[in-house]
Amino acid sequence: MTLFETLVLAIIEGLTEFLPVSSTGHMIIATSLLGMESSAFVKLFTVAIQLGTILSVVVLYFKRFFRSINFYYKLLVAFIPAAIFGLVFSDLIDDMLESPMTVAISLVIGGVVLLFVDKWFNNAEINDSDEISYATALKIGLYQCLAMIPGTSRSGASIVGGMSQKLSRKAAAEFSFFLAVPTMFGATVKKLIDFYKGGDTLTSHEVGMLFVGNVVGFIVAIIAIRSFIGFLTKNGFQLFGWYRIIVGAVIIILLLSGQSLSMV
């Protein structure tokens, strides 16, 4: 992996991880466009640089992580469904990660949902994510499992899940950010274990690329989170919905016409 490829993927991860556009889907598309080989390290890299992005959440919401022990219990309850589904369907998820068509279809379907979600769930009663119940946390965690289909968007699924439980857009988005911490940390640990179990080891160059990727992802994610909350509160999800539909439709057309996504 070159430094250019590392920077491109890190910027994409930082920009898209907390937006309802699917970071995984964009990473799959980007690696295809760059003509990158789907090696064990590339698969590890696309997951492991999430550590930088989740650190941005901890930094931006530092005080929230020390407000009460119930905060951690609720995150644990919301995280459990993803942990179970991730372990049970690990092989199927890995297979879907190889499919740009799966990403494209998911982008379009998710985009259509985002066009209408503000109308469907406009009866918010909870304006602070700390006010949610354990039952609500579990339901949001179940919604998050939809993101195991590449192109769905982890943040999008969990935000929509929160809004379906009468959270405001801001509260739902913030809880989605918090839930990303255990979810993405767990995914990274699992991918590292699988990497070493497969007989692979990290070279000094690869360690350097992981470091650069996490630092860049951290900086970009901070900017993205700060911008997203303000935009979402004022404007809702329609712009993201149209973006997903357009990107997904273009990819589907290219794939059906026999075109390769690779630029090399």
Side-chain angles (χ1 to χ4, degrees), residues 1-2 4-39 41-47 49-50 53 89-117 143-160 176 180 184 187 191 213 216-217 220-221 224 227-228 231-232 235-264:
M1 181 182 290
T2 66
F4 174 74
E5 292 168 341
T6 298
L7 292 175
V8 169
L9 294 182
I11 291 171
I12 291 173
E13 167 64 24
L15 281 175
T16 61
E17 180 58 51
F18 300 107
L19 304 183
V21 296
S22 177
S23 62
T24 301
H26 280 72
M27 296 285 266
I28 293 172
I29 294 168
T31 54
S32 296
L33 288 172
L34 292 169
M36 297 175 65
E37 178 186 355
S38 185
S39 65
F41 175 70
V42 170
K43 292 179 180 178
L44 171 64
F45 180 88
T46 57
V47 175
I49 60 171
Q50 294 176 343
T53 57
F89 297 106
S90 176
D91 292 339
L92 176 61
I93 294 169
D94 286 341
D95 289 341
M96 288 192 293
L97 289 172
E98 303 287 340
S99 173
M101 181 59 81
T102 299
V103 172
I105 293 173
S106 297
L107 283 171
V108 172
I109 294 174
V112 172
V113 171
L114 291 184
L115 291 182
F116 299 100
V117 69
Y143 269 89
Q144 180 180 240
C145 292
L146 294 172
M148 292 179 184
I149 302 172
T152 300
S153 172
R154 186 209 61 80
S155 61
S158 53
I159 291 172
V160 171
S176 172
M184 292 157 63
K191 187 61 70 174
V216 173
V220 175
S227 303
F228 175 55
F231 181 89
L232 180 64
N235 302 287
F237 289 97
Q238 283 206 345
L239 180 62
F240 299 106
W242 284 117
Y243 170 80
R244 289 177 61 111
I245 291 170
I246 293 170
V247 172
V250 169
I251 296 171
I252 290 173
I253 292 171
L254 288 174
L255 294 174
L256 290 179
S257 63
Q259 298 294 316
S260 172
L261 293 184
S262 176
M263 296 189 300
V264 297

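- Among all heavy-atom pairs drawn from Thr53 and Gly217, the shortest one is CG2-O, 3.7 Å.
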Decide side chain to side chain contact (heavy atoms under 4.5 Å, CB included) for Ile159 and Phe237; before the verdict, give the C-alpha distance in whole Å, the side-chain angles of both, and the deciding distance to 0.1 Å.
CA-CA 11 Å; Ile159 291 172; Phe237 289 97; 3.3 Å; yes
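- For the atom pair OH (Tyr243) and CG (Leu114), the distance works out to 12.5 Å, reported to the nearest 0.5 Å.
- Between the CD1 atom of Ile49 and the CE atom of Met27 there is a distance of 3.5 Å, given to the nearest 0.5 Å.
- Atom CE of Met184 sits about 6.5 Å away from atom CZ of Arg154, to the nearest 0.5 Å.
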Would you please test Val216 and Glu13 for side chain to side chain contact (heavy atoms under 4.5 Å, CB included) and show each step?
CA-CA 9 Å; Val216 173; Glu13 167 64 24; over 6 Å; no
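- Taking CZ of Phe240 as the start and OG of Ser153 as the end, the distance is 10.0 Å to the nearest 0.5 Å.
- Atoms CZ and CE, from Phe41 and Met1 in turn, are 5.0 Å apart once rounded to the nearest 0.5 Å.
- Looking at Leu19, Val103, Val21 one by one, the single match for side chain to side chain contact (heavy atoms under 4.5 Å, CB included) with His26 turns out to be Val21.
- There is no side-chain donor-acceptor pair under 3.5 Å between Ser158 and Gln144.
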For residues 244-253, run the donor-acceptor check on the side chains, cut-off 3.5 Å, and write out each pair with its distance to 0.1 Å, sequence neighbours left out.
residue : atom : partner : partner atom : Å
Arg244  : NE   : Leu107  : O            : 3.1
Arg244  : NH1  : Pro20   : O            : 3.0
Arg244  : NH1  : Thr152  : O            : 3.2
Arg244  : NH2  : Ser106  : O            : 2.9
Arg244  : NH2  : Gly151  : O            : 2.6
Arg244  : NH2  : Thr152  : O            : 3.4

Do Glu5 and Val42 pass the side chain to side chain contact (heavy atoms under 4.5 Å, CB included) test, and can you show the C-alpha distance, the side-chain angles, and the key distance before you say yes or no?
CA-CA 10 Å; Glu5 292 168 341; Val42 170; over 6 Å; no
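- With sequence neighbours left out, the ring pair (Phe, Tyr, Trp, His ring centres under 6.0 Å) criterion links Tyr143 to no other residue.
- Residues Thr16 and Ile12 come closest through the heavy atom pair OG1-O, 2.6 Å.
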